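Working notes, structure below.
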There are 4 protein chains.
Amino acid sequence: MEDILNPPRVRIRRRGADKHPLILKAARELVAQSGFREAQMTVIADAAGIAIGTLYRYFPSKTELMVEVVKSTAQREVDVVAGIAMRDGSACEKLGAAAWTFASRALRGRRLAHALVAEPVEPEVEAVRLTYHRALSRVFKTIIEQGVENHEFPTQNAAASADCIVGCLFEGLVAPLSNGAADASTSLSSHAASIITFCLRGVAGRMLTFPPMPAG
Amino acid sequence: MEDILNPPRVRIRRRGADKHPLILKAARELVAQSGFREAQMTVIADAAGIAIGTLYRYFPSKTELMVEVVKSTAQREVDVVAGIAMRDGSACEKLGAAAWTFASRALRGRRLAHALVAEPVEPEVEAVRLTYHRALSRVFKTIIEQGVENHEFPTQNAAASADCIVGCLFEGLVAPLSNGAADASTSLSSHAASIITFCLRGVAGRMLTFPPMPAG
Amino acid sequence: MEDILNPPRVRIRRRGADKHPLILKAARELVAQSGFREAQMTVIADAAGIAIGTLYRYFPSKTELMVEVVKSTAQREVDVVAGIAMRDGSACEKLGAAAWTFASRALRGRRLAHALVAEPVEPEVEAVRLTYHRALSRVFKTIIEQGVENHEFPTQNAAASADCIVGCLFEGLVAPLSNGAADASTSLSSHAASIITFCLRGVAGRMLTFPPMPAG
Amino acid sequence: MEDILNPPRVRIRRRGADKHPLILKAARELVAQSGFREAQMTVIADAAGIAIGTLYRYFPSKTELMVEVVKSTAQREVDVVAGIAMRDGSACEKLGAAAWTFASRALRGRRLAHALVAEPVEPEVEAVRLTYHRALSRVFKTIIEQGVENHEFPTQNAAASADCIVGCLFEGLVAPLSNGAADASTSLSSHAASIITFCLRGVAGRMLTFPPMPAG
DNA sequence: TATGAATGAGACTTCATTCAT
DNA sequence: AATGAATGAAGTCTCATTCAT
């Protein structure tokens, strides 16, 4: 399981409850709702039920907070997808399952997924998001490498293929979400199937059709 | 050839050169250098060597200016790639050439490409950027459809495949550029070859290796 | 006939048509339409069909132009009302007729009347408007003085009474116009009759009812 | 007693004095000194001894602040005049007293009174000012109606008469103040007496002379 | 003399961050 | 430790006025 986070920094010593996760939750929800730009510090503090001054005891700047938001959210996504990669089964199955898992989570989440993929702001946050992309890519890379060893897949630049899969999923699933329209997720899920089919072919180098899975 | 732009608005003229392209150039360069966020109106005016009031004679708001920046830049990219798609040759060759063209142009461009692909901004600008993605995708879709007719490629959801190609190129080429580091472009161009290979396999459903082209 | 204007200043020597009245007309119409604030120099120049630079050859500043607008417009109003005061008839009749004339002109004109009465801006323009108020007042004062000489009216401070009449007309007729609503002018004209009745009583010191006149 | 204000909004509190009245006072003084035009947010903040950001914590926009300035000032004036209308005495006495009270307060106040009566500004502020005129008029209307019931005054359009009184007071007292000149208030107060005499005659329809009161 | 593009001071507003209580 | 009022730099946009052609 990938760990995006650097060793967790020393936190403020506190008497009562640790407000760290509380703040992070509030911030994440606000970002999920309306993006980084709209998530102002005052609003986040309000949502967390604490004073703005208190928020600044836990996070020294908005940048830092947003970095944490991206880190933690991304980590969760990577963990889930990575969980799939650990299961038994052929590389092909795992690849399909992992992609589908990512896709179905992105189809919910919408705004948040978009924020993680395409809504940057500051270089520092951008850097973390890149880390997320790479972490996700690494999960796929691992599966591909297994498949190459198995001879399920032909020899290939596994890292590049993994990047491509991530790109396909982002472009295919997240970008269309950025127009606020609440598209019928049915059509999106068949679209997702086409995307994943493409990815499987790209990796396997032969005709494979991805059978859509029950949402999960 | 795609035309993203609406019919061009009537411009100011007389006395001195038309400042429209001058401003657009300055704005584009600033965006290319440091992204939308840093491109403030005052700075753009300075860079263009004009007063802020003059800037506002040509563009009624920052949003409008940024929309033009994205439109014009994106249009140029789409045009170039679309130009490739018009040439003679097999669908496979054209697909490779178009992808390679996009890739090699993105390898220069760096920050600008990133801005066109993944930076934040306002909904209005975002909408235009999405148009760019779709326009690029349509170019690839056209090639794929030709290939399917030719029986070069198997039957497939051409739109989804085209989106995937765009996603692969963005994720594979643009995202890595976003860290300011001046990566060795050699390694990037071999990376690009891997990416394109993946795309070709995804479309063709069989083993194809993309032979890197002479930079152009 | 009152002359509000100071001796007309030396104007620019010109070859072709004198653009002075042209500009004044355009400015007056714009002020009448949307007030001083909205009457920007560029817009006035456009409306007059001349260049902004030319406008500035005739009027050295917006303030000066607005002063002229108020002066000329007010002069016209004063002239019309003064014309009534010159006619034959009892002071009482003339007073009623003059008031009614002012009122009926104000009921058209709307925005312009408001601008002349209540929409000031700069001290310089304000000063001119005050002059207008005083000039109008002087017309009424003349009528009242005649009436006092005639013994139609009791001895009184004619200047103060005249100011009051002006005040009644402004407050009673112009102020209600400031809400953009296009009130039924029927109800306004009966309102006007009540206003004028009040004025006549105030001057005459006995019961007089003003019989509304045919609009003119 | 008229109440122009809507229910007062929830205010900021805690730590330090409530800055609401402080700001309002500063703004009122600036308007009184130089009118709405000169009352810029930065200047108001400076005058109140606070930062511009603080100003915006209390008033969301300049318009809102100006509305409050007009509302609160006007309310005070209306309250004082209305207080007179509640006293015992004949309608005639009350009418004279109310008018005199208004007049004597306007003779101080100068610029501020002018701002409340005749300065420009935005539609939103204008609307509030109109409310002030109407509220003042309503006070006089009440007195007149009492007088009509008493048979002190003849039957008449009480609303129109009340508007006239307001108009007389504004035109007779406020307008002359608008030229910055510090007129001898002695002459003004005898002028005021003439104005009020006119009003009484207008309402009563017979000869009444208003005996100037001791200033209050 | 006419033109109108260019100018730039100045107005309003936002929001991350600080610090006295 | 918590609070939240206060701060003010920074950004966008307007419009009267100037001046080169």
Side-chain angles (χ1 to χ4, degrees), chain A residues 12-16 19 37-46 49-66, chain B residues 11-19 37-46 48-65, chain C residues 12-16 19 37-46 49-66, chain D residues 11-19 37-45 48-63 65:
Chain A
I12 295 120
R13 291 281 150 237
R14 43 209 130 25
R15 292 279 166 77
K19 305 227 171 55
R37 200 70 161 252
E38 298 297 301
Q40 292 119 355
M41 293 302 262
T42 314
V43 177
I44 294 171
D46 278 2
I50 60 170
I52 178 71
T54 307
L55 192 161
Y56 271 88
R57 284 193 61 77
Y58 287 84
F59 296 91
S61 74
K62 184 179 182 181
T63 299
E64 291 280 306
L65 172 53
M66 289 307 151
Chain B
R11 281 185 205 158
I12 292 138
R13 263 290 174 179
R14 190 80 93 80
R15 199 79 31 179
D18 182 5
K19 302 245 170 29
R37 197 59 166 264
E38 298 299 305
Q40 295 118 353
M41 294 303 260
T42 314
V43 177
I44 293 170
D46 278 1
I50 60 171
I52 181 73
T54 306
L55 184 55
Y56 275 89
R57 277 187 69 76
Y58 288 84
F59 297 91
S61 72
K62 183 179 182 183
T63 299
E64 290 279 304
L65 173 53
Chain C
I12 295 121
R13 292 280 150 239
R14 42 211 133 25
R15 293 274 168 79
K19 306 226 171 59
R37 200 70 163 253
E38 298 297 302
Q40 291 120 357
M41 294 301 263
T42 313
V43 177
I44 294 170
D46 277 3
I50 60 170
I52 178 72
T54 307
L55 192 160
Y56 271 89
R57 282 192 61 77
Y58 287 84
F59 297 91
S61 72
K62 184 180 182 181
T63 298
E64 291 280 306
L65 172 53
M66 289 307 151
Chain D
R11 282 187 203 156
I12 292 138
R13 264 291 173 180
R14 189 78 93 81
R15 196 81 30 179
D18 183 4
K19 301 246 168 33
R37 197 59 167 264
E38 298 300 303
Q40 296 116 350
M41 294 303 260
T42 314
V43 177
I44 294 170
I50 60 172
I52 181 72
T54 306
L55 183 56
Y56 274 90
R57 279 187 69 75
Y58 288 85
F59 297 91
S61 73
K62 183 179 181 182
T63 298
L65 173 52

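On a predicted model such as this, the values are computed, not experimentally measured, just so you know.
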Atom CG of C:L65 and atom P of F:dT17 are separated, to the nearest Å, by 10 Å

Stems for DNA chain E (at least 3 consecutive Watson-Crick or G-U pairs, under 3.5 Å) come to E:2-21 with F:2-21

Between C:T63 and B:K62, whichever has its closest DNA chain F nucleotide further toward 5' is B:K62

Value for CE (A:M41) from CG (A:D46), rounded to nearest 0.5 Å, stands at 12.5 Å

Rounded to whole Å, CE of D:M41 lies from P of F:dT7 at a distance of 15 Å

For this session: Look at all strands and tell whether C:S61 reaches a base, only sugar-phosphate, or nothing, counting heavy atoms closer than 4.0 Å.
Result: sugar-phosphate

Look for any protein N or O under 3.5 Å of an N or O in nucleotides 8-10 of chain F and output each such pair with its distance, or none.
unit_1: F:dG8; atom_1: N7; unit_2: D:G53; atom_2: N; d: 3.2

note: D:I50, atom CD1; F:dA5, atom C1'; distance rounded to Å ~ 11 Å

Q. Would you say the side chain of D:Y58 lies within less than 4.5 Å of the side chain of D:D18, judging by non-hydrogen atoms?
A. yes

When rounded to the nearest 0.5 Å, the distance separating CD1 of B:I50 from CZ of B:R57 is 11.0 Å

Between CD of D:E38 and C1' of E:dG10 the distance, given in whole Å, is 12 Å

Side-chain heavy-atom pair D:K62, D:L55 within 4.5 angstrom cut-off: no

Between CZ of D:F59 and P of F:dA5 the distance, given in whole Å, is 15 Å

Between CZ of C:R57 and C1' of F:dT17 the distance, given in whole Å, is 15 Å

Is the closest side-chain heavy-atom distance between B:V43 and B:E38 below 4.5 Å? no

The residue, B:L55 or D:Y56, whose nearest nucleotide of DNA chain E is more 5′ is B:L55

One should read off an interatomic distance between B:F59 CZ and B:I44 CD1, to the nearest 0.5 angstrom, of 9.0 Å

A:R37 CZ to F:dG11 C1', in whole Å, measures 11 Å

note: B:Y58, atom OH; E:dG4, atom P; distance rounded to Å ~ 13 Å

(request) Report yes if at least one side-chain N or O of A:K19 is closer than 4.0 Å to OP1 or OP2 of F:dA1; otherwise report no. (result) no

